[in-house]
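First the structure, in the form of structure tokens, and then the observations on it.
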Amino acid sequence: EVQLVESGGGLVQAGGSLRLSCAASGFTFDDYVIGWFRQAPGKEREGVLCISRRGRNTYYADSMEGRFTTSRDDAKNMVFLQMNSLKPEDTAVYYCAAHPRPSYSTSDYCRYPPRMAYWGKGTPVTVSS
């Protein structure tokens with residue numbers, strides 16, 4: 001059974017940083033697109049960044065590149081989202097998601113979240129001004 005569990009969310013002041021973790025089980029990273037998404041109150045879920053199979057490349061959604069970066073520990077089946085220079089508009093629930101044997105481009109999965117097959121329950125991030 002595929003499971004994704006996010007952690008690391010919390011309250012941070014504007015300009016601060018947070019590192020989110022996603023612990024994955026039940027599948028092998030190499031065969032999946034892995035993505036970070038977020039959903040702010042009253043807004044649709046949107047992609048933050050997505051990592052292609054085997055981690056060969058990363059697609060960043062608009063306004064994310066430069067402030068948000070990702071890393072992974074394949075031995076532990078974990079993916080991380082490092083968020084720097086946080087802004088109040090980054091306040092959202094952040095989700096880790098995965099999709100097996102992708103048939104679309106990595107960017108397509110980031111742009112259209114419903115295409116991702118598996119989701120964690122999310123971790124909330126609040127950025128105060």
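FYI, side chains are in, hydrogens and waters are out, and symmetry mates aren't considered; it's all heavy atoms of this structure. These figures come from a predicted structure and were not determined experimentally.
- Put simply, OG on Ser21 and NZ on Lys76 are 10.0 Å apart, with the number rounded to the nearest 0.5 Å.
- Between the side chain of Glu6 and the backbone N or O of Thr123 there is no donor-acceptor pair closer than 3.5 Å.
- Taking the side chain as every heavy atom from C-beta outward, Asp73 and Phe80 approach each other to under 4.5 Å.
- A cation-pi arrangement is absent between Arg45 and Phe37 under the rule of less than 6.0 angstrom and at most 45 degrees off the ring axis.
- Atom SG of Cys22 sits about 11.0 Å away from atom CZ of Arg72, to the nearest 0.5 Å.
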Quick one: do Val48 and Met64 satisfy side chain to side chain contact (heavy atoms under 4.5 Å, CB included)? Show the steps, please. CA-CA 6 Å; Val48 174; Met64 309 296 180; 4.2 Å; yes
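- Put simply, OG on Ser7 and CZ on Arg19 are 9.5 Å apart, with the number rounded to the nearest 0.5 Å.
- Two residues are said to be in side-chain contact when any heavy atoms from C-beta on lie closer than 4.5 Å; Ser103 and Tyr109 meet this criterion.
- Residues Met83 and Ile34 share a hydrophobic cluster, clusters being chains of Ile/Leu/Val/Met/Phe/Trp/Tyr side chains in contact below 4.5 Å.
- The shortest heavy-atom contact between Pro100 and Tyr118 is CD-CE1, 4.0 Å.
- Taking CD of Gln3 as the reference point, atom CG of Asn77 lies at 12.0 Å (rounded to 0.5 Å).
- When all heavy atoms are compared, the tightest approach of Tyr95 to Gly120 is CD2-O, 3.5 Å.
- Placement of Phe68 and Val93 in two distinct hydrophobic clusters is found when ILVMFWY residues are connected by side-chain heavy-atom separations under 4.5 Å, directly or transitively.
- Summarising the geometry, atom CZ belonging to Arg115 is positioned 12.0 Å from atom SG belonging to Cys110; distances are rounded to the nearest 0.5 Å.
- Annotation for Cys50 and Thr106: closest pair O-CG2, 3.4 Å, computed over non-hydrogen atoms.
- Here the closest non-hydrogen pair linking Ser85 and Ser17 is N-OG, 4.3 Å.
- In this structure the side chain of Trp119 never reaches within 4.5 angstrom of the side chain of Val2, judged on heavy atoms.
- No hydrogens or angles considered: nothing links the side chains of Asp31 and Thr28 as a donor-acceptor pair under 3.5 Å.
- Side chains of Pro102 and Arg53 form a contact here, defined as non-hydrogen atoms less than 4.5 Å apart.
- Under the 30°/60° scheme for interplanar angles, the aromatic rings of Tyr32 and Phe27 are found to be tilted.
- Using a 4.5 Å cut-off between side-chain heavy atoms of Ile, Leu, Val, Met, Phe, Trp and Tyr, with links allowed through other members, Val33 and Val79 fall into different hydrophobic clusters.
- Minimum heavy-atom separation, Ala14 to Pro88: CB-CD, 4.1 Å.
- Linking ILVMFWY side-chain heavy atoms closer than 4.5 Å, directly or via other members, places Leu4 and Val125 in a single hydrophobic cluster.
- Separation of atoms CD (Glu46) and CZ (Arg38) is listed at 4.5 Å; rounding is to 0.5 Å.
- For the residue pair Leu18 and Leu86, the shortest heavy atom distance occurs at N-CD1, 3.9 Å.
- Tyr94 and Met78 are members of different hydrophobic clusters when ILVMFWY side chains are connected at heavy-atom separations under 4.5 Å.
- Heavy-atom contacts from other residues, nucleotides or ligands closer than 6.0 Å to CG of Asp62 number 12 or fewer.
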